[in-house]
Amino acid sequence: MSTPAFLDSTEYPFAQIERDTQAYWAKHDSFRTYEHIKPKDKAKPKDKFYCLAMFPYPSGKLHMGHVRNYTLADVIARFQTLQGKQVLHPMGWDAFGLPAENAARLHHCAPADWTKRNIDDMRGQLQRLGFSYDWSREIATCHPDYYRWEQWFFIQLYQKGLVYRKQSIVNWDPVDQTVLANEQVIDGKGWRSGAPVERREIPQWFLKITDYADELLEDLAQLTEWPEQVRTMQANWIGRSQGLALDFAVVEHSQALSVYTTRPDTLMGVTYLAIAGKHPLALIAAQHSADIQTFIQSCDLGKVAEADLATATKRGINTGLFAVHPLTQEKLPIWIANFVLMEYGSGAVMCVPAHDQRDWEFAKAYQLPIRAVIRPAEQSNVDITQEAFTEKGVLFNSGEFDDLSSAQAFERIADQLSQQGIGQRQTHYRLRDWGVSRQRYWGTPIPMIYCQHCGTVPVPEGDLPVLLPTNIQMDDSGRSPLHTDASFHQVNCPNCQQPAKRETDTFDTFMESSWYYARFTAARENNTMLTQAANDWLPVDHYVGGIEHAVLHLLYARFFHKLMRDMGLVNSDEPFKRLLCQGMVVSDTFYRTDPDGKRTYFYPHEVTLTRDDKGRPLQALLIADGLPVHMGGIEKMSKSKNNGVDPQQLIDRYGADTVRLFILFAAPPDQSLEWSEAGVEGAHRFLKRLWRQVQSHQQQVQLHQPPLPTPAEAASISELKDVRRKIHSTLQKATDDLGRRLTFNTAIAGVMELFNTLQKLEGSDANICAIRQEGLEIIVLILAPITPHIGHVLWQQLGYREPLHQTPWRQADTNALLTDSINWAIQINGKLRGQLTTALQIEEADLIAQAKAVSSVAKFLENQTLVKTVMVAKKLVNFVVRAN
RNA sequence: GCCCGGGUGGCGGAAUAGGUAGACGCAAGGGACUUAAAAUCCCUCGAGUGGUAACACUCGUGCCGGUUCGAUUCCGGCCCCGGGCACCA
């Protein structure tokens, strides 16, 4: 595609502007932040501000989601610098992970080499976008200088008893003989082998995050600068509940069946119990029944993900065993059900089909009795023929508990079972301990050794780091090369020096991303994990990243912070003070359906749209053959849909400032952003107009003998007074938008509005030049965090020697903001009927009289009775009327 | 299935604390400049009805209902779209 002529760079030489400005920043080390805060003026130390964006996985090239994330954080960092803060704004690489192994297999190279190349490419792209990073603190999590401290920390946790090993289920590919990630299981089959996936138990390491469940839940209240939705999601994820643990005796067995319920009030409605296929009772029942054995085996098929378990068809089989109801002594059948897992809780549940929808469906399917015991408070009965009644209410059919409310019954039943010694109140959490073992190569080696004589032995501190061998080839099996690399796993026991085996699993990559924010404060430190600098800088004042991390990453990082605090490494309770979650970047998709039903997607640039006379799109045509393609709607940018836009091409074509401006202007940060090439051109057009305006303004200024009048003097002319009010109200609003609201789109809209106002100023007399000078300065200042390159040059042209990126922000002039009149909206019954302009001071009676006299209002008052008059100060008068 | 969001012109969005719906930008249409094109500049632009016109009125923020003098905003019920669900990061 040829470059359109309007991008003639002599008109707005963005390429040169951006090259020169970046060279200036590099030469002056403009964004270097020193390890300890060193205020220039010791009497007034600068406040610190730590701004951080979630570091990227080095997948190859930067995508638009990255550009959005890092542009948002850069605006925040630069804005805070202009506010006079000492800003830390680092960048690094979340460099371990599954894609590197897949790419290495595909390209027959080592994951380390592939990762390093990607980091080098992506670093160059970030630099081209002009982000204000302190590159001296760059970290990559695959470097031993980083992960050695993670190994060290894990051993500390092990010694504190916060780490344990237990059996846990994974997706097992029986053909490739390997563990699969959830995303590697497609329709219940392994992505490479196509074999049905099994659930298999293997020993894995866990961190006791549940020990911190209460604190993680309660400290959410401190996070007042986090989005409410994220706090709600985390609270629900932790899922603290109050309930009752109770025992059901099992007929002809000494071992009771333990269950937990949050609804003891429904106890009289229990008609059966369900247990996991791996429950000891299930295994006993299976000894004499081939059907039960087959059923238990079938429970082991399929993926481990909760969404799949929850949506799977509910199946079960009767064990033939019976439990005894603790209150009625009734015999209740015990079933094995595929929706009960041995991993979570006790592996057994009591079932109340009348008051739990899942139990209801299971009971219907297997003709089990359904007994209603709760009714709505205002009704004498309850209808459970169509679905379960799951709300709380009043008990019936419950003997001595009849007519109690659910809450009262909870207490009475809990008391009674406690006294009998077969039940006790318990706090439960939905949150489960964090399994950190991964059966993969490209990750941090878990620093443990298994010795036949000494058991599990942590690697001694002096032997750290346990280095991950990087000179390896991935084979096609999908298995980790660490299993076959004897030089890695054959070691001597640190205790007894006998031959032993090193752990070959690596850490979940969430481990690395749980503490990197702290390591940036001591990135080059070789002797300890963290230093005093962590307390100088933490918590992170502003963290920016995708909403998809709302629970897992952000919860794990909060957990890690508390672990580090309890180890004396940091002294704060929470890692991230303020959080901004950005939306996705989406764009149009176009495709054709092949005869066999497969879709072929086309890039937006391969397609042209035809429109009707109102500009509505009619159809899309493929440029190559002129024939129609299907418009597939708007989707998240992805390789598979061919709707991704390469940031690099746009930067080359329009410049980094244009890309930054568009990405901030097109939507508020937390909403999804719809990509539009025409919108990018609009952003570019604005920067061109700004560039030209400053050039022509400079020519006009040079016609005058300096000095120009001050802006306040120039504003004595009433027309200019209005313009100056606009300048200062724009500054006031933009300051609020950039600092408090983070609505960069409205700040930019305000700047455009102000620019349009300035452009309408005709003439070149000294007063006009003075006002225009002030207006252009404010525009460049507001845009400084957004489009820093053009700003850097325009600031010099407007007469400043101090570089824009460290100039102090300005306060709006309160005198300039004063008005001398009020515009009132006049409503009849809440509907706008007229406008009225009055002096600032006006008597209420006078205002009402004038408002009634406005002709567009008066005609609606004829033949009406005035019921009342509502007034909103300085804004609105509403006459409430009724027809006569 | 469960948890959390979102839905406003042809399009992206604005309306910050219940008070003038549609700022700003894009697309589209018309015009100026030009040999021409691009670029640039100016004008129009939610829908409907009436009017030669200025203009006037009605409707309108996913759907149904409620609270209120007044609802895009608050409440109840639904529909659709998106994010997460513990081994993608």
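Chain identifiers are assigned alphabetically (A, B, ...) following the order of the sequence lines, protein sequences preceding nucleic acid strands; residue numbering begins at 1 within each chain. This structure is a prediction, so every number in the text was calculated from the model and none was measured.
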Taking only nitrogen or oxygen atoms into account, show me every contact under 3.5 Å that the protein makes with nucleotides 7-9 of chain B, one pair per line with its distance.
none

Distance test, side-chain N/O of A:K688 to OP1/OP2 of B:U40, below 4.0 Å: yes

A:R692 side chain near B:C41 phosphate (N/O to OP1/OP2, under 4.0 Å): yes

State the syn/anti category of B:G6 according to its glycosidic angle, syn meaning within 90° of 0. anti

What residues, two or more places apart in sequence or in another chain, satisfy ring-ring contact (aromatic ring centres under 6.0 Å, His included) together with A:W172? none

Decide yes or no, distance alone: a donor-acceptor N/O pair under 3.5 angstrom between the base of B:C88 and the side-chain of A:Q184. no

Would you mind listing every side-chain hydrogen bond (donor to acceptor under 3.5 Å, both in side chains) that reaches into residues 548-560 of chain A, with sequence neighbours excluded? A:Q234-A:R558, A:Y543-A:H553, A:R558-A:E574

Detail all sub-3.5 Å separations between protein N/O atoms and N/O atoms belonging to nucleotides 2-5 of chain B.
unit_1, atom_1, unit_2, atom_2, d
B:C3, O3', A:N236, ND2, 2.7
B:C3, O2', A:N236, ND2, 2.9
B:C4, O2', A:Q229, OE1, 3.2

Would you say the ring centers of A:Y517 and A:F55 fall short of 6.0 Å from each other? no

Strictly under 3.5 Å: I want the nitrogen or oxygen pairs between protein and nucleotides 68-77 of chain B, one per line.
unit_1, atom_1, unit_2, atom_2, d
B:C69, O2, A:N878, ND2, 2.3

Given B:C26, is OP1 or OP2 found less than 4.0 Å from the side-chain N or O atoms of A:S676? no

P spacing across the pair B:G46 / B:G25, given as an integer number of angstrom: 15 Å

Say we look at B:U35 and B:U44: how far apart would their C1' atoms be, to the nearest angstrom? 29 Å

Which range-with-range stems can be found for RNA chain B when each stem has 3 or more Watson-Crick or G-U pairs in a row and both distances sit under 3.5 Å? B:1-7 with B:79-85, B:10-12 with B:24-26, B:28-32 with B:40-44, B:46-50 with B:55-59, B:62-66 with B:74-78

Is A:R438 near enough to B:A89 that one of its side-chain N or O atoms lies under 4.0 angstrom from OP1 or OP2? no

